[in-house]
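Input: a single structure, listed below in structure tokens.
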Amino acid sequence: MTDRIAEREETAVAAPRIDWIPILLTVGVALVALPLIGSFSTWMTLTVAALAMGMIIFIMASGLTLVFGLMDVINFGHGVFISVGAYMSLLVLWPLTGWVESPSIWLNIAVLVLCILVAMAISGLFGLAFERVIIRPVYRQHLKQILVTMGGLIIIEQLLHVFFGGSPITIALPQNFRGGLAIGPDIIVERYRLIAVVVGVIVFLAMMLVLNRTRIGLLVRAGVENPEMVEALGYRIRRLFVGVFVAGSALAGLGGVMWGFYQQTLTVGMGLQVLVLIFIVVIIGGLGSIGGCLIGSLLVALVANYTAFLEPKVALISNIALMLLVLMWRPQGLYPVVKV
Amino acid sequence: MPDPLLTLAGVHTHIGHYHILQGVDFEIARGSFTVLLGRNGAGKTTTLRTIMGLWRASRGTIRFAGEDVTARPTPDIASAGIAYVPENMSVFSGLTVRENLVLAARAGKIDAARLEWIFSLFPALQRFFDSPAGTLSGGQKQMLAIARALIEPRDLILVDEPTKGLAPAIVGNMIKAFREAKNAGATVLLVEQNFKAARMLGDTVVVMDDGRIVHRGAMAELAADAALQQRLLGLHMEQHA
Ligand SMILES: Nc1ncnc2c1ncn2[C@@H]1O[C@H](COP(=O)(O)OP(=O)(O)OP(=O)(O)O)[C@@H](O)[C@H]1O
Ligand SMILES: [Mg+2]
């Protein structure tokens with residue numbers, strides 16, 4: 001008896017690290033949509049649009065899922081960092097109109113990179129202040145968190161109102177990012193969407209690198225699972241959390257820049273508008289899971305784009321329906337994070 | 001007599017409205033191996049958690065290595081030189097065995113010789129070094145939890161019921177690991193319901209009941225006194241009969 005148990009201990013095999021089912025599901029959704037849509041070029045256009053939108057949503061949602069996972073904090077204020085980021089790009093776009101309109105692709109890229117850096121820095125600073133003033137007093141009190149972070153969101157929105165006015169602001173894409181790119185007979189995809197995908201992939205890879213290859217990353221992953229044990233090993237989870245909060249706010253700001261260019265119109269409420277989508281993504285993906293956040297974003301964006309084309313009336317509720325279906329199948333989301 | 005490494009004096013702990021620890025007093029001498037016994041719900045886990053600062057003592061003082069750590073935050077207490085192996089193992093299941101050990105090594109790097117020693121005690125950890133801890137068996141997780149506490153020298157190791165639900169073959173290795181850690185100079189406070197394992201390891205014994213210490217003494221004394229065992233641990237034996 002004893003020996004048999006011991007033997008089983010010996011031969012236990014480690015399961016593979018990646019759960020492929022949600023990934024295949026996402027690919028499956030895209031494939032099923034093809035015959036429904038009928039035309040390959042339309043399908044391609046919709047799919048690329050969805051990938052672009054999905055990657056932008058991923059950038060905006062990734063910080064929120066870590067904040068939730070690590071400290072169990074519900075931050076409804078997250079949306080405002082998206083607006084802040086988008087509006088901060090104006091600080092670059094207005095003085096550098098020449099670069100935006102320049103035929104040089106390098107100047108175009110430079111202006112985008114500058115927008116991103118400025119937006120990330122300022123929304124990161126807002127995040128730092130937000131954590132200290134608004135979040136810190138309401139740890140472990142979910143109801144208060146919802147109310148207080150909502151309040152914070154309104155205050156910062158009003159600040160944007162004061163400085164930038166209440167009416168929508170139109171922004172122009174840099175010269176070389178406008179228009180479409182023919183990538184095959186009949187198939188034209190908008191250039192900016194490809195850029196959004198590239199930026200999203202870079203952010204995802206960078207996050208994976210940090211989370212898997214650095215000590216801080218290990219601590220974040222460990223802390224999402226069991227913050228208490230991280231403390232018992234001698235690490236200050238609070239500091240880690242502030243860092244994650246600031247990084248998450250900066251990423252929301254980056255997402256705001258990308259989203260602003262995607263829509264080419266900025267409104268003060270734009271962050272709040274996508275916040276619902278972001279919460280759906282975070283819940284679908286599994287609270288605290290970055291991989292789940294990515295797959296959830298792509299799934300949500302694909303379903304949104306396909307249904308908007310196939311059945312516009314259904315589009316509005318399609319994401320809620322998707323969330324319910326996913327939760328019926330996996331109540332903890334696509335990639336449940338083991339919590340203690 | 002040298003100062004004790006750890007002293008609890010009149011420690012009370014409330015969890016919510018419940019008054020769980022009701023004046024706990026004991027000392028742990030440097031280099032000793034103390035076993036904390038007591039029936040289910042006696043407050044053993046609460047005692048360890050209070051030492052770690054995971055519950056706050058509502059009254060009394062806890063001194064470690066000459067310093068008052070009662071109100072210190074958990075990370076500070078850990079950094080002062082205490083390793084903690086909780087009841088439910090608490091390995092990070094999304095992290096590999098290697099990553100779990102890397103985080104436990106505060107120095108930032110795993111000492112190769114120490115790692116060899118751990119592998120010799122728990123060969124399974126070597127085999128599954130790069131597998132996620134979540135895929136390990138219960139016994140292997142327990143080994144990892146203990147390895148985390150042993151990967152660097154610590155002044156004091158707190159271990160909460162490591163043998164619970166484990167196959168005897170693994171318990172043997174675990175006992176060996178604690179013996180060697182003790183010989184290497186570590187001080188150990190072990191919560192253990194299994195009196196046989198406790199007797200093999202401990203030199204000192206503390207028994208608690210209902211949030212209070214009801215007996216302190218040498219293990220040899222308790223091991224030799226069947227009547228005392230019956231009185232202190234009888235209830236516990238009955239429960240497990
Ligand atoms: N989080 C909690 N909330 C309320 N009561 C608790 C909590 N944790 C423990 N208790 C109570 O405190 C008492 C002591 O619990 P503790 O876990 O310290 O006992 P123990 O000696 O470790 O028991 P066991 O042998 O079962 O592990 C028990 O009555 C338990 O019900
Ligand atoms: Mg216990």
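Chain A is the first sequence line, chain B the second, and so forth, proteins listed ahead of strands; every chain is numbered from 1.
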* Asked: With no hydrogens and no angle check, is any side-chain donor or acceptor of A/Tyr235 less than 3.5 Å from a backbone partner on B/Arg106?
  -> no

* Structure fact -> Of all heavy-atom pairs linking B/Phe92 and A/Val230, the shortest is CZ-CG2, 3.7 Å

* Structure fact -> Nearest heavy-atom contact between A/Ala222 and B/Leu103 is CB-CD1, 3.7 Å

* For the side chain of A/Arg221 and the backbone of B/Gly94, is there at least one donor-acceptor N/O pair under 3.5 Å apart? -> yes

* Using a 4.5 Å cut-off on heavy atoms from C-beta on, say whether the side chain of B/Asp76 contacts that of A/Arg236. => yes

* **A/Ile216 atom CD1: more than 12 heavy-atom contacts under 6.0 Å** => no

* To do: Using non-hydrogen atoms and a 4.5 Å limit, figure out which bit of B/Asn100 sits close to chain A: side chain, backbone, both or neither.
  => neither

* To do: Please state whether the side chain, the backbone, both or neither of B/Ala105 comes within less than 4.5 Å of a heavy atom of chain A.
  => backbone

* Near B/Glu87 CD, under 6.0 Å, is it more than 12 heavy atoms from other residues, nucleotides or ligands? -> yes

* Interatomic distance, A/Met229 atom CE to B/Met52 atom CE [nearest 0.5 angstrom] -> 7.5 Å

* Would you call B/Arg49 and A/Glu228 a salt bridge, taking side-chain N to carboxylate O under 4.0 Å as the test? -> yes

* Within 6.0 Å of CZ in B/Arg59, more than 12 heavy atoms from elsewhere -> no

* Asked: Just wondering, more than 12 heavy atoms not from A/Arg132 lying within 6.0 Å of its CZ?
  -> no

* Asked: Measuring from A/Leu233:CG to B/Thr74:OG1, what's the distance to the nearest 0.5 Å?
  -> 11.5 Å

* Over 12 foreign heavy atoms within 6.0 Å of CZ, A/Arg239 -> no

* Asked: Could you state the interatomic distance from OG (B/Ser79) to CD (A/Glu231), rounded to the nearest 0.5 Å?
  -> 10.0 Å

* Write down the atom of A/Ala232, the atom of B/Ala78, and the distance for their closest heavy-atom approach. => O-CB, 3.2 Å

* Look only at the side chain of B/Glu99 and the backbone of A/Leu218, and say whether a donor-acceptor pair between them is shorter than 3.5 Å. => no

